[in-house]
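Following: one structure in structure tokens, then a few remarks.
Residue numbers start from 1 in every chain, and the chains themselves are labelled A, B, ... in the order their sequence lines are given, proteins ahead of strands. All heavy atoms count here, side chains included; hydrogens, waters and symmetry mates do not. Since this is a predicted model, take the numbers as computed values, not measurements.
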Amino acid sequence: MTKSSVFLLCSIVALALTITGPQVSAQSSYAEDRAMIENLIARYVFALDFLDADTVASTFAKDAEFDTSSGVTKGRDAIRSLVLQSAERSRERRAKDTSGLRPSAGRHFITNMVIKVDGNKAEVRTYWLHMNNDNPKCAGTADSFGHTEDEMVKVDGQWYFSKRKIYNEESETRSAKGGNPAW
Amino acid sequence: MTKSSVFLLCSIVALALTITGPQVSAQSSYAEDRAMIENLIARYVFALDFLDADTVASTFAKDAEFDTSSGVTKGRDAIRSLVLQSAERSRERRAKDTSGLRPSAGRHFITNMVIKVDGNKAEVRTYWLHMNNDNPKCAGTADSFGHTEDEMVKVDGQWYFSKRKIYNEESETRSAKGGNPAW
Amino acid sequence: MTKSSVFLLCSIVALALTITGPQVSAQSSYAEDRAMIENLIARYVFALDFLDADTVASTFAKDAEFDTSSGVTKGRDAIRSLVLQSAERSRERRAKDTSGLRPSAGRHFITNMVIKVDGNKAEVRTYWLHMNNDNPKCAGTADSFGHTEDEMVKVDGQWYFSKRKIYNEESETRSAKGGNPAW
């Protein structure tokens with residue numbers, strides 16, 4: 001190998017690595033994946049509480065499984081229907097309400113996200129607590145809590161829930177039974 | 001173009017990209033911006049609850065708008081005054097308190113941050129819930145919750161609130177009226 | 001210096017920077033450190049609430065100090081023992097319980113993380129609130145809150161608590177006394 005061949009090889013390899021390096025780093029680093037996953041979970045919660053079924057559905061992969069107190073719902077379309085029905089029931093309850101109180105709000109607060117990323121897959125654990133203000137003073141009151149066990153998948157650079165299971169400590173059948181669900 | 005010119009060009013471009021690349025990536029990636037914004041919001045909350053008006057004011061841009069139950073306050077100096085007055089009222093309430101209880105604490109817990117970054121601007125949505133321990137056992141009690149709709153601006157590499165509006169489900173006038181405020 | 005020496009130097013420096021650059025950036029950026037620290041804190045909380053003493057201990061540095069209502073516990077092994085004893089007391093309470101209720105759960109929710117990184121050290125402040133469901137309906141009830149003041153250390157690329165102090169507003173001796181503990 002001549003000296004000039006070595007120079008050329010070095011230059012081309014350096015140039016190639018330089019051009020591809022930072023982008024790959026930005027797209028696939030733990031912080032970048034975690035940031036996108038945190039944002040997805042926050043978007044899911046806003047949409048759920050504000051009865052926006054389309055946005056909730058859009059946070060799930062097409063063939064995702066959503067395991068709730070209603071059982072296991074499979075597929076993005078079925079998940080949209082599930083949330084629509086739940087939203088419809090909320091609206092009906094509000095319409096029928098004769099308490100004289102203004103419509104109450106319910107909100108989920110998510111914390112403690114344990115996120116393990118492996119390429120285009122991720123395992124996620126979170127805590128949730130729920131608040132309502134369904135009382136004469138509309139004061140905030142905590143009413144339930146639990147955790148979630150989630151699997152996520154990255155498709156075309158976007159993260160989605162591929163499996164989401166909700167545990168709820170208020171419910172005998174859906175409360176956590178085993179040991180530490182994280183790691 | 002001679003072979004050695006090609007080598008030189010390759011080398012210089014690679015060197016230039018290498019030196020500038022990672023820093024640009026680190027400063028402007030979604031994860032870096034999100035990390036800085038999350039930290040700013042956490043600093044704001046600590047300062048607010050611990051009656052540190054200077055630090056609260058420092059999280060707002062000079063011409064920021066802060067929309068609270070006191071109305072719309074404009075500008076960092078006016079925001080500092082607003083927080084100082086509120087802190088002063090807290091201290092007076094504590095001084096006048098004759099319950100025999102030790103001073104109570106109030107704290108805001110922020111979750112579910114939806115953060116959309118576009119260059120030096122960002123739109124942010126968060127949830128908040130408030131706890132107090134103003135009772136004989138000093139036990140923690142949730143008392144109110146809501147969400148925020150924020151605009152942020154990045155100046156000289158630092159993020160600031162440029163507009164912050166607080167929604168509060170305890171208040172008829174300040175509760176959320178429309179659909180999903182996130183996206 | 002000959003022209004070819006300049007080429008060689010440029011090439012080698014570019015190649016070296018390229019190979020080390022992105023990794024250094026990914027490992028040492030604020031977002032990467034913050035993401036790892038957030039994940040560590042979430043893992044700590046899951047392990048604490050689900051009585052997994054080994055995992056709790058693994059989040060502390062070997063010579064860490066853990067300052068709780070039990071006093072200051074020094075060293076990872078002593079911290080493991082402390083959590084084991086606490087877990088044992090929880091299991092005994094559940095075993096002796098004659099209320100007829102199913103075992104109750106307690107959970108800590110962490111928010112508002114202010115994180116300042118300086119090389120392989122970090123200072124961290126967080127808020128916590130605690131929920132339990134120890135009532136006939138197993139409904140979620142908030143019962144206490146406070147903040148933490150933490151020091152962290154990075155060893156071989158992993159973050160650990162080197163000092164963790166828990167403040168608790170329910171407790172006269174452990175409630176916050178001074179001004180803003182963040183910055």
Within 6.0 Å of CD in E172(A), more than 12 heavy atoms from elsewhere: no
Can you confirm whether or not the ring centre of Y44(A) sits under 6.0 Å from the ring centre of F161(A)? yes
Is R107(C) close enough and on-axis enough to Y127(A), meaning under 6.0 Å and within 45°, for cation-pi? yes
Proximal component of H130(A), with respect to chain C [non-hydrogen, under 4.5 Å]: neither
Can you see whether R164(A) engages T148(A) through a side-chain donor-acceptor pair at a distance of less than 3.5 angstrom? yes
Proximal component of L129(C), with respect to chain A [non-hydrogen, under 4.5 Å]: side chain
Most contact-rich option vs chain C, by heavy-atom pairs under 4.5 angstrom, among I115(A), V114(A), T126(A), N168(A), is V114(A)
I need the minimum non-hydrogen distance between N39(C) and M113(A), along with the two atoms involved. OD1-O, 3.6 Å
Sort out for me which of S171(A), P181(A), A35(A) touches chain C most, counting heavy-atom pairs under 4.5 Å. P181(A)
Would you say the side-chain atoms of K96(C) and T98(C) include a donor-acceptor pair closer than 3.5 Å? no
Side chain, backbone, both or neither: which part of D143(C) has a non-hydrogen atom closer than 4.5 Å to chain A? neither
Can you tell me which portion of D52(C) sits under 4.5 Å from chain A's heavy atoms? Options are side chain, backbone, both or neither. side chain
Using non-hydrogen atoms and a 4.5 Å limit, figure out which bit of L51(C) sits close to chain A: side chain, backbone, both or neither. neither
Pair count under 4.5 Å, heavy atoms only, with chain A: among R102(C), E38(C), M131(C), K137(C), highest is R102(C)
